[in-house]
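From a predicted model like this one, the values you see are computed outputs, not experimental measurements. Just so it is clear: chains get the letters A, B, ... in the order the sequence lines come, proteins before strands, and each one is counted from 1. Reckoned from all heavy atoms, side chains included, excluding hydrogens, waters and symmetry mates.
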Amino acid sequence: MKVTMRVNGGERTGDVEPRVLLADFLRTNLALTGTHIGCDTTSCGACTVLLDGEPVKSCTLLAVQVDGRDITTVEGLAQGGALSPVQVGFHEEHGLQCGFCTPGMMLVGTALLEQNPDPTEEQIRWAISGNICRCTGYMNIVKAIQHAANVKQAAASAPSPAAVAAGGGE
Amino acid sequence: MSATMHMHGGIGESIKRKEDARFLRGKGNYIDDLTLPSMLHMAILRSPHAHARIKSVDTSAAGSMPGVIAVVTGELMAQHKLAWMPTLSYDTQAVLATDKVRFQGQEVAAVIAETKYQAEDARDAIVVDYEILPAVTSPEGAKAAGAPLIRDEKEGQKDNHIYHWESGDKAKTQAAFANAAKVVRLHTFYPRCHPAPLETCGCVADVNPATGKATIYMTSQAPHAIRTVFALVTGLPEQNIRVISPDIGGGFGNKVPVYPGYVVATAASLLIGRPVKWIEDRSENLISTGFARDYHMTGDLAVDANGKMTALRVHLDSDNGAFFSDAQPSKFKAGLFHIVTGSYDIPTAHITADGYYTNKAPGGVAYRCSFRVTEASYLIERLVTNAALELGLDQAEFRMNNFVKPEQFPYTSATGWIYDSGDYPKAMNVALEKLGYDELRKDVEARRKKGEVTGIGIASFTEVVGAGHGADFDILGLRMFDSAELRVHPTGKALLRMGTKSQGQGHETTFAQIVAEELGIPASDVAVEEGDTDTAPYGLGTYASRSTPVAGAATAMVSRKLRDKARMIAAHLLEAADEDLEWERGKFYVKGSPDRAKTIQEIAFAAYTNLPEGMEAGLEGVHYYDPPNMTYPFGTYAVVVDVDKGTGQVKVRRMVAVDDCGVRINPMIVEGQIHGGLTEGFGIAFMELITFDSEGNCIGSNFMDYLLPTAWETPKFEIGETVTPSPHHPLGAKGVGESATVGSPAAYVNAVIDALSPYGITNIDMPVTSDKVWAALRSKGVTE
């Protein structure tokens, strides 16, 4: 079957068997290997991607189910070579060790901050509770997402260059 | 100027990790990310039965399915003398079953096809006719009269007993027990659990039909040792085998052994002449690869009238599964369990262990510990708390009164270990202070009066890591040294290669920091490579917290070798005598004239352009480090729990962890290791369990049954430290990767037992789940 989807901002197509998992399509057909497979049973979250901005586990979706939809993978987080606030947070707060869960964790964190720019620790822990990390013990992942929230808020409250040129801020 | 611009990245600096750059962008290179031209995919057919005779294997339907290139059976492997392979514990293990299957999940056949989906389709079309045999699922069952003989193919094997092993002094211990004022017994089962790294095991085997060179990309924590084992198993010349460990998505011991899948994929690539990829799914990982623990332990602690421990006696029954394939120093059948006297000055001890075959998966890997040290630490720490409770003593005070004292180091334990350094009271005091122990103890009493069920647990562990001195520690004869090779390029940048292999521990950062400290080249200028046996020097790999104690020491030593040569080059450049130069990190200068100096970068350039007469060019070297002793990290962990009487649910209110791992190279990374270990310890204490029904069906074969802690359950940790350097390690470091998993399970469980002690409950085997706590309380008549 033919499938067409937007992946990280660009249109991608493929010809797949109906049974092909989205995770396999991304990894094999599109060579986006940053999406990892850890359990095959929707338990670990290593395969998390954003579907129209919402975190989903791509090992439990068929590629054909997302025909016409919008997908963001870890490869789509950095913009123009610059790391996203969540990526910066994971680096600064030592939020990753082996790196295998990291793409899924960062995508969940990204979606959370879109919906809730200033989450509490409890809200962060709940948001990432569908994703397993075996290395970090989560404390630094929580800090990483808090770090990202602070970076985003600082960026949002800083006067934009245009506003400065016009002689005022918000 | 920002603070980071001053940072040299030497020892003690929490510099950010170099390896993050690729992982943050989804550009890691894990085994399943690798695709080679014309690569095929392999799927393994596994036994649904725990014990059965194979009557026939029919591959005819599978062989003719779309995309199928080959179906490999045990019979085919036997024709190439590869149906069986040696284990790391001097036993044999079936690669593909020929006669019987001996555990559920055992490898029976494999399909090699163009795609993964095709391989799995055809695997499901293989028809095996089994004659089901009764299954043995415990040591008790294994030694029962009339128990089925599991290893009937082994010549001379008349029963299911594998080994008997002893340590310590039996007569002296017996005498001490005869004179004891009090003997406290604890029988506890440390259940089977699994390291369950988030990335499963796998390989891509690529045997070049023209050259015969076998390149095997493999999730291996020990690529060099695996290469040698492969050479021995397959008969291929070792120079024609190249093992490459790519980025590894967590190991925790799971990725030390050689698994049948690696061997079959390599044989298939050899036979077919194309690369073959094999990646486990999660169930395969949990049911067939290296499990941990499965130890039935009985400990007796003798205490005199003054509350002094006088003797320790332990017996172990070890459930080793169908093949004795424990990954451990080959001389030690029960690993390093004889560290079981722990942090206490116990004059005599006697330990006996018996290993048994059962119809369960083989393995016996050290799940984030140094070869059965976790079991030992758990037993002694549980026993000490139980003894304190039974004697009516405070568990902190009882420990303090029996610790090996700081002035006793180096200390020889009753089982012969020579502890390098320690200050146990200090770590205990830091932990108690952080916890506010005295106040908390009063608070516990007050809460109990109100009917609450609450308690405090303590564990003061001592580990033995960093294997090891080669004279005593080897794997199949390979001495457990490790290595570092350092090349300084003309522009003063460097490449460091080691015989270890990071699985998330941050070696690319930490080991660059050692070079930065010793040679003055900024850590950001030092590239670190591991895992390719064609390029890295030989080493025994990363497990048992040995990378920093052994390869880290090798890195320091090779840096010092290069510094000695750099001194001679600097003397030549400065027209001074060698002995007139002083070293300051990053440069040599003439004594008394600090402006007459040459930086390490200038010296490196001269090593290729302007050498003293007769000196060999270049600035590079290699060092093989065989440590004089093990290292002995220690610490005190303290946990506060609240138990819900109605549901049996345990809530960890606080977790304080004070670690002493000697000198910390990158404190940020060290704390990350501790966080991770405390979380895995929490999972082991409360959640993780692989068990079997009476027919040998594995329960715990996926992440819906094998429960791992998420961010929701995992407690927050309060971290503290003391620093007692190792006297024999060149940097004073001891290794830290596993301390928290070794020390924390007993702390968590001791807290629960302390909470339940007013009701006369002295033991609940891990995992301490709500239903077990609820049942224990109900058995004592406690209701909501």
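Taking chain B as the reference chain and counting heavy-atom pairs below 4.5 Å, the highest number among A:Cys98, A:Gly76, A:Gly34 is found for A:Cys98. Per-residue counts of heavy-atom pairs under 4.5 Å with chain B were compared for A:Glu92, A:Glu17, A:Glu75; the largest is that of A:Glu92. Annotation: maximal heavy-atom pairing with chain B below 4.5 Å, among A:Glu93, A:Met106, A:His91, occurs at A:His91. For the set B:Met704, B:Lys716, B:Glu280, B:Gln503, the count of heavy-atom pairs under 4.5 angstrom toward chain A peaks at B:Lys716. The most heavy-atom pairs under 4.5 Å with chain B, out of A:Gln97, A:Arg134, A:Arg125, A:Glu122, come from A:Arg134.
For a residue to count as touching a neighbouring chain, one of its non-hydrogen atoms must lie under 4.5 Å from one of that chain's; by this rule B:Thr710 touches chain A with backbone and side chain alike. Contacts of B:Phe682 with chain A are absent, with no heavy-atom separation under 4.5 Å from either backbone or side chain. Proximity to chain A is absent for every atom of B:Ala21, based on heavy atoms less than 4.5 angstrom apart. For A:Ile132, the parts lying near chain B are the backbone and the side chain together; criterion is any non-hydrogen pair under 4.5 Å. For A:Val88, no part sits under 4.5 Å from any heavy atom of chain B, backbone or side chain. B:Lys27 touches chain A through its side chain: at least one heavy atom from C-beta onward sits under 4.5 Å away, while N, CA, C and O do not. When heavy atoms are compared at a cutoff of 4.5 Å, B:Leu678 does not approach chain A at all. Using a 4.5 Å cut-off between heavy atoms, A:Glu121 touches chain B through its side chain atoms alone. Residue B:Asp32 touches chain A through both its backbone and its side chain, counting heavy-atom pairs closer than 4.5 Å. When heavy atoms are compared at a cutoff of 4.5 Å, A:Leu21 approaches chain B by way of both its backbone and its side chain. Residue B:Ile669 touches chain A through both its backbone and its side chain, counting heavy-atom pairs closer than 4.5 Å. Proximity to chain A involves both the backbone and the side chain of B:Gln673, based on heavy atoms less than 4.5 angstrom apart. With a 4.5 angstrom heavy-atom cutoff, A:His36 touches chain B only via side-chain atoms. Neither the backbone nor the side chain of B:Arg22 comes within less than 4.5 Å of any heavy atom in chain A. B:Tyr30 touches chain A through its side chain: at least one heavy atom from C-beta onward sits under 4.5 Å away, while N, CA, C and O do not. Contact annotation for A:Ile124: neither backbone nor side-chain heavy atoms come within less than 4.5 Å of a heavy atom of chain B.
Within a 6.0 Å sphere centred on CD of A:Gln123, other residues, nucleotides and ligands contribute more than 12 heavy atoms.
Every residue was checked against the side-chain hydrogen bond (donor to acceptor under 3.5 Å, both in side chains) condition with A:Gln146, not counting sequence neighbours, and none meets it.
Panel note: side chain B:Arg282, backbone A:Gly38; a donor-acceptor pair is recorded below 3.5 Å. Between the B:Glu680 side chain and the B:Thr741 main chain, no donor and acceptor come within less than 3.5 Å of each other. Listed for the B:Ser283 side chain is no donor-acceptor partner under 3.5 Å among the backbone atoms of B:Asn702. A:Asp118 contributes no side-chain N or O that, together with a main-chain N or O of A:Ala149, makes up a donor-acceptor pair within less than 3.5 Å. Side-chain atoms of B:Glu713 do not come within 3.5 Å of backbone N or O of B:Pro709 as any donor-acceptor pair. Under a 3.5 Å cut-off, the side chain of B:Glu508 and the backbone N or O of B:Lys18 do not form any donor-acceptor pair. A distance-only check finds no donor-acceptor pair linking the side chain of B:Tyr706 to the backbone of B:Ala196 [under 3.5 Å]. Panel note: side chain A:Arg27, backbone A:Leu32; no donor-acceptor pair is recorded below 3.5 Å.
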Exercise for review: Kindly determine whether B:Asn285 and B:Thr289 satisfy side-chain hydrogen bond (donor to acceptor under 3.5 Å, both in side chains), including the steps that lead there.
Suggested key: CA-CA 5 Å; B:Asn285 177 253; B:Thr289 64; 3.3 Å; yes
Practice item. Decide side-chain hydrogen bond (donor to acceptor under 3.5 Å, both in side chains) for A:Thr42 and A:Thr60; before the verdict, give the C-alpha distance in whole Å, the side-chain angles of both, and the deciding distance to 0.1 Å. Key: CA-CA 6 Å; A:Thr42 328; A:Thr60 317; 2.5 Å; yes
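Taking every heavy atom of both residues into account, A:Cys39 and A:Cys44 meet most closely at SG-N, 3.3 Å.
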